[in-house]
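Each remark here refers to the structure printed beneath this line.
Hydrogens, waters and symmetry mates play no part in the numbers below; they use all other heavy atoms, side chains included. Order of appearance sets the numbers: ligands from 1, and atoms from 1 within every ligand. What you see is a predicted model, and the numbers here were worked out from it, not measured in a lab. Position 1 is the first residue of the sequence, and the numbers go up from there.
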Amino acid sequence: MDTHAPSSRIGGFHKFNVAERIDSVAKFAQLDDADKALLRNTGNLPAELADHLIENFIGTMNIPVGIATNMKIDGQDRLIPMATEESSVVAAVCNAARQCYDNGGFVTSMSGTEMIAQIQLTQVPDPQHARLQILERKEAVRDMCNACDPILVKLGGGFRDLEVRVLDTRGGTMVVTHLIVDTRDAMGANAVNTMAERIAPHIAEWTQGKSNLRILSNLADRRLARARCTWRLADIGGAEVRDAMLAAYHFAEADPYRAATHNKGIMNGISAVVMATGNDTRAVEAGAHAYAARSGRYSSLTAWEVSAEGDLVGSIEVPMAVGLVGGATKLHPSAKVALKILNAKAAEDLARVIAAVGLAQNFSAMKALATTGIQKGHMSLHSQNIAMMAGALGEEIDLVARALVELGTVRLDVAEEALQRIRTSKA
Ligand code: MEV
């Protein structure tokens, strides 16, 4: 054992100021002055603000924000900011949107803006009896929930309904209460978690059970965003392309191995907008994947069919717990500008736009995969990344990238050789 190895036990790290934390990490990891300067450069997110968003803050991580163009949603043209580090994601949305723009673009809707909070009760002597005891007190639960958040109630939200489920588990029978709350323009985690914590002791007392977890469910299936779109046969390259895309969809529908990748592509689009607007990517991702498995078998989040006219029709339905207030949405400067660009009038509007982006992403991924393959489109941007990794600067980046595409080999060693050749020929 190396007795001189630095220790991760740094007492009071959270009480240090940012400079002290950076120094402490630099000592641990032998960071040099350039590394420290990078950490101190927090871009457009002021260090004082970031220090209040998370614990033990030392720096920021910039992710490119691109704009998806060509999007027409419910008859309105929208520009959509997307934060992603992955090449081809923004281009995919633009391409899909271009191919349906003249046919009217996307039509969207939403099932509601209700979130679910769960209260777990264990050791309930008579679970079925307890279930009714809780349901009988719906009015009392409503009043207690609404008293937790009078502003939400004033804005038209608040308690909507009560559900009680009796679950048989390996750890015995449990009684699980769902508080169903309309959280309007907030994602709603804080609102419903507060309510669950407030109600739980009462429920435990009424039923003589023991209250345990009190937390929202990310399977936000009362907050489903829906989008549909028709791509005309002539706009997508004909029946052969359409049928190859349908075969791709049927594959995803039938096989969880393929569905995971198919849905990952959809989430490339969805998470990028969720991230750009300062919303919780993990909440939306968890909800999407849980919803994709709701039949008991994990499957596609989208559905693809052929219309009476022979056109390709796509639809998506996905839980979308996003807000315009709360979290980083109103704090992060980039999120604030993103929301301005989007001009979202309500959380519901944002959620619907995001569903359309997910559908567009899926269209392009399936089309590329079912025709030329994904690498062709990927390669031109990916080759630029590799060129930069090889050390190319300024105009060298494009020159090296082009050489890689021409050679048909996008590898770091090939990029290094190409860069060397370019520099030698210039010297
Ligand atoms: C890559 O990030 C996403 C895809 O794999 C999606 C898909 O396979 O449908 C291209």
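Less than 4.0 angstrom separates some heavy atom of Leu369 from each of these atoms of ligand 1: 7 (C), 8 (O), 9 (O). For ligand 1, the atoms sitting less than 4.0 Å from at least one non-hydrogen atom of Lys264 are 1 (C), 2 (O), numbered in the order shown with element in parentheses. Within the listing of ligand 1, atoms 9 (O) sit less than 4.0 angstrom from a heavy atom of His262. Residue Gly265 has at least one heavy-atom neighbour below 4.0 Å for each of these atoms of ligand 1: 3 (C), 6 (C).
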Between Phe13 and Val25, is a side chain to side chain contact (heavy atoms under 4.5 Å, CB included) present by the stated rule, with each step listed?
CA-CA 10 Å; Phe13 188 82; Val25 173; 3.8 Å; yes
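Looking only at distances, no side-chain donor or acceptor of Glu417 sits under 3.5 Å from a matching main-chain atom of Val414. With hydrogens and angles disregarded, a donor-acceptor distance shorter than 3.5 Å links the side chain of Arg242 to the backbone of Gly310.
Taking atom 10 (C) of ligand 1 as the reference point, the nearest protein heavy-atom neighbour is Ile374 CD1, 3.7 Å. In terms of protein heavy-atom proximity, atom 5 (O) of ligand 1 is nearest to Thr261 CG2, 3.5 Å. Looking from atom 1 (C) of ligand 1 to the surrounding protein, the closest heavy atom is Glu86 OE2, 3.5 Å.
Between Arg232 and Glu309 there is no salt bridge, since no side-chain N of the basic residue sits under 4.0 Å from a carboxylate O of the acidic one. Remark: Asp51 engages Arg21 in a salt bridge, criterion side-chain N to carboxylate O under 4.0 Å. Of the charged side-chain nitrogens involved, at least one lies within less than 4.0 Å of a carboxylate oxygen, so that Lys426 and Glu395 count as a salt-bridged pair. Using a 4.0 Å cut-off between charged nitrogen and carboxylate oxygen, Lys36 and Asp23 count as a salt-bridge pair.
Cation-pi check for Arg98 over Tyr101 is not met; the charged atom does not lie both under 6.0 angstrom from the ring centroid and within 45 degrees of its normal.
With a 4.0 Å cut-off on non-hydrogen atoms, Asn268 touches ligand 1 through its side chain and not its backbone. In Met366, neither the side chain nor the backbone holds a heavy atom less than 4.0 Å from any atom of ligand 1.
At least one heavy atom of Arg258 lies less than 4.0 angstrom from ligand 1.
Residue Asn362 places no N or O, backbone or side chain, under 3.5 Å from any N or O of ligand 1.
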